[in-house]
Protein chains: 2
Amino acid sequence: MTGSENGRRHTRDDVARTALRILDDYGLPDLTMRRLASALDVQPSALYWHFSNKQSLLAELADRIVTRATVPGPAPGGAARVHAEAAALRDALLAYRDGAEVVASTLALGLGSTVAHDRLAAAIAADGFDPNTARRAASTLLHFILGHVSHEQQRMQYDSLGVLADHTGSLRDEDDPAAEYAFGVGLLVSGLELSRSPA
Amino acid sequence: MTGSENGRRHTRDDVARTALRILDDYGLPDLTMRRLASALDVQPSALYWHFSNKQSLLAELADRIVTRATVPGPAPGGAARVHAEAAALRDALLAYRDGAEVVASTLALGLGSTVAHDRLAAAIAADGFDPNTARRAASTLLHFILGHVSHEQQRMQYDSLGVLADHTGSLRDEDDPAAEYAFGVGLLVSGLELSRSPA
DNA sequence: ACCTGAACACCGTTCAAGT
DNA sequence: ACCTGAACACCGTTCAAGT
């Protein structure tokens with residue numbers, strides 16, 4: 001009840017799940033190995049039996065966050081599928097506090113979690129683009145998505161901290177993040193669509 | 001000669017310049033307040049007279065990095081200006097080790113450095129788009145730019161560490177980062193261009 | 001198979017006090 | 001105006017040893 005995960009003897013899955021809970025409840029800066037250990041009623045050193053270091057723990061979390069991204073209902077085709085996939089990915093990132101930053105940081109280090117990129121690339125390829133174009137466009141789209149949602153999430157905790165800082169600064173106009181997001185995705189998809197029939 | 005900045009009594013500018021040098025030479029993870037202090041031959045606490053905390057120091061560095069971005073020669077117009085501005089921004093970020101991450105992190109926190117966004121927005125507006133569209137497109141473009149260059153720079157230090165990790169993973173196809181970059185920027189610009197004349 | 005105990009080598013930040 | 005000295009409250013990681 002006090003946050004301790006009693007029962008002794010944990011599995012790798014226990015550790016990851018508890019880490020995900022700390023992430024969601026307190027944010028990435030508060031997800032330390034020592035804090036995680038004490039939530040599991042264990043010494044910090046015990047964690048290194050399950051994960052060789054903090055980075056690989058974060059990679060596991062990124063994987064779990066991104067894997068949850070699935071488009072609901074019957075999958076559409078064409079450009080609509082790309083939009084749906086992008087929306088599902090945003091939802092998945094938003095489902096955990098600082099989710100976008102976790103995924104972005106592990107993606108940057110080249111550790112695991114190529115699944116987000118692959119899903120986007122598949123959706124684009126299914127819209128009739130060659131694999132190479134699909135990969136590059138997916139990469140562009142993913143950079144935008146992670147950047148946008150990171151920004152969105154940082155602003156959330158900033159706002160909830162009460163520090164509005166005059167609202168100047170930031171990128172402005174994040175009044176409706178979902179609309180901003182759709183705008184960005186639409187820009188990319190339109191650009192792709194245009195590249196299909198070179199005038 | 002040993003890295004100490006002798007002479008005693010520093011200005012805020014000294015501190016920022018030395019920090020920029022440490023950043024470029026050793027990377028963001030090695031830019032600690034204690035390391036910076038010792039490079040200045042000063043106690044860590046002395047830094048807090050010049051900057052109220054590490055975040056505001058990083059904001060200052062981000063500002064300096066981004067301000068260096070200028071398009072060379074006569075400024076073009078239309079879509080070419082957007083491309084030129086994006087290229088100049090990439091060059092500026094690449095000029096310092098981990099430059100993109102520094103800028104991305106301070107931008108996320110809403111501290112300073114709205115200049116990058118403003119320059120992109122101005123270039124887009126000059127191409128004949130309304131200010132609102134220009135701002136949103138600039139934001140999309142900036143997210144892509146920071147994501148792409150961050151990824152590019154992380155890969156640089158990863159490679160220089162000798163840890164190639166099978167080359168699988170990562171976003172693939174970063175064989176020619178400049179070409180990838182141009183592709184992404186082109187996608188965004190094409191999308192914009194298309195939105196101008198709604199069929 | 002999973003964990004303890006103790007240590008190593010660090011962090012950012014505050015604050016009274018000095019010159 | 002700029003800095004010291006000392007402390008506070010932390011980090012991630014290693015490693016021998018225990019059960």
Side-chain angles (χ1 to χ4, degrees), chain A residues 3-20 22-23 25-62 98 101-102 105-106 108-109 111 157-158 161 163, chain B residues 3-20 22-23 25-62 98 101-102 105-106 108-109 111 157-158 161 163:
Chain A
S4 59
E5 208 81 0
N6 39 15
R8 285 290 156 81
R9 236 98 200 154
H10 302 284
T11 75
R12 184 182 161 98
D13 184 65
D14 291 334
V15 176
R17 288 164 55 121
T18 304
L20 229 25
I22 293 179
L23 176 70
D25 290 347
Y26 305 99
L28 186 55
D30 278 11
L31 177 53
T32 67
M33 297 300 267
R34 299 178 105 100
R35 209 182 204 291
L36 174 55
S38 88
L40 288 161
D41 266 327
V42 128
Q43 296 294 318
S45 50
L47 300 176
Y48 293 82
W49 194 90
H50 300 284
F51 292 93
S52 57
N53 50 44
K54 191 180 182 178
Q55 278 300 342
S56 63
L57 168 64
L58 289 177
E60 171 70 30
L61 302 190
D98 292 339
E101 226 193 307
V102 170
S105 77
T106 71
L109 298 191
L111 307 173
Q157 74 181 104
Y158 211 66
L161 240 83
V163 199
Chain B
S4 58
E5 208 81 359
N6 40 14
R8 287 290 156 80
R9 236 98 200 154
H10 302 283
T11 75
R12 184 181 161 98
D13 184 66
D14 291 335
V15 176
R17 289 164 54 122
T18 305
L20 230 25
I22 293 178
L23 176 71
D25 289 348
Y26 305 100
L28 186 55
D30 278 11
L31 177 54
T32 68
M33 297 300 267
R34 300 178 106 99
R35 209 183 204 290
L36 174 56
S38 88
L40 288 160
D41 264 326
V42 127
Q43 294 295 318
S45 50
L47 300 176
Y48 292 83
W49 195 90
H50 299 285
F51 293 92
S52 56
N53 50 47
K54 191 179 181 178
Q55 277 300 342
S56 63
L57 168 65
L58 290 178
E60 171 70 29
L61 301 189
D98 292 338
E101 225 193 309
V102 170
S105 76
T106 73
L109 298 190
L111 306 173
Q157 73 182 103
Y158 210 67
L161 240 83
V163 199

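Protein chains get the first letters and strands the later ones, always in sequence-line order, with residue 1 at the start of each. Computed over heavy atoms, backbone and side chain alike; hydrogens, waters and symmetry mates excluded.
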task: Measure the shortest side-chain to side-chain distance between A:L47 and A:L40 over non-hydrogen atoms and say whether it is less than 4.5 angstrom.
output: yes

Span that lies between the P atom of C:dC2 and that of D:dA17, in whole angstrom: 22 Å

field: Rounded distance (Å) that lies between atom P of C:dG12 and atom CZ of B:R35
entry: 11 Å

message: Could you go through B:L58 and B:L109, starting from their C-alpha distance and side-chain angles, then the distance that decides it, and tell me whether this counts as side chain to side chain contact (heavy atoms under 4.5 Å, CB included)?
response: CA-CA 11 Å; B:L58 290 178; B:L109 298 190; over 6 Å; no

- prompt: Should we count CZ of B:R35 as having more than 12 external heavy atoms under 6.0 Å?
  reply: yes

query: What nucleotide, of C:dG12, C:dG5, C:dC3, holds the atom closest to the side chain of B:T32?
result: C:dG12

- request: Kindly say whether A:R17 contributes a backbone atom to a donor-acceptor pair with the side chain of A:D14 at under 3.5 angstrom?
  value: no

- prompt: What integer distance in Å separates B:W49:CH2 from C:dG12:P?
  reply: 21 Å

- line: Protein heavy-atom contacts under 4.0 Å, written 5' to 3' over nucleotides 13-19 of chain D as B (base), S (sugar-phosphate only) or - (none), form the string BBB----

Main-chain N/O of B:H50 paired to B:R12 side chain as donor or acceptor, under 3.5 Å: yes

message: For C:dC3 and A:H50 - does any side-chain N or O of the residue sit under 4.0 Å from the phosphate oxygens OP1/OP2?
response: yes

Pairwise C1' distance for C:dC3 and D:dT14, with rounding to whole Å: 15 Å

- request: Please report, rounded to the nearest Å, how far the P atom of C:dA6 is from the CD atom of A:Q43.
  value: 9 Å

query: Between A:L31 and A:A19, which heavy-atom pair has the shortest distance, and what is it?
result: CD1-O, 3.9 Å

query: How close or far is atom C1' of D:dC3 from atom CG of B:L36, stated in whole angstroms?
result: 14 Å

query: What distance, rounded to whole Å, do you find between the two C1' atoms, one in D:dA7 and one in C:dC11?
result: 14 Å

field: Atom-to-atom span, CG of A:L40 to C1' of C:dC2 - whole angstrom
entry: 13 Å

- request: Could you let me know what C:dA16 is paired to, Watson-Crick or G-U wobble, both distances under 3.5 Å, or none if it's on its own?
  value: D:dT4

- prompt: Is there a side-chain contact between A:L61 and A:T106, using heavy atoms and a 4.5 Å cut-off?
  reply: no

Nearest-Å distance for atom pair CG/P, residues A:L31 and D:dG12: 8 Å

message: With a 3.5 Å limit on both atom pairs, tell me what C:dA9 is paired to, counting Watson-Crick and G-U wobble, or say none.
response: none

- prompt: Taking atom C1' of C:dA1 as reference, at what distance in whole Å does atom CG of A:L47 sit?
  reply: 15 Å

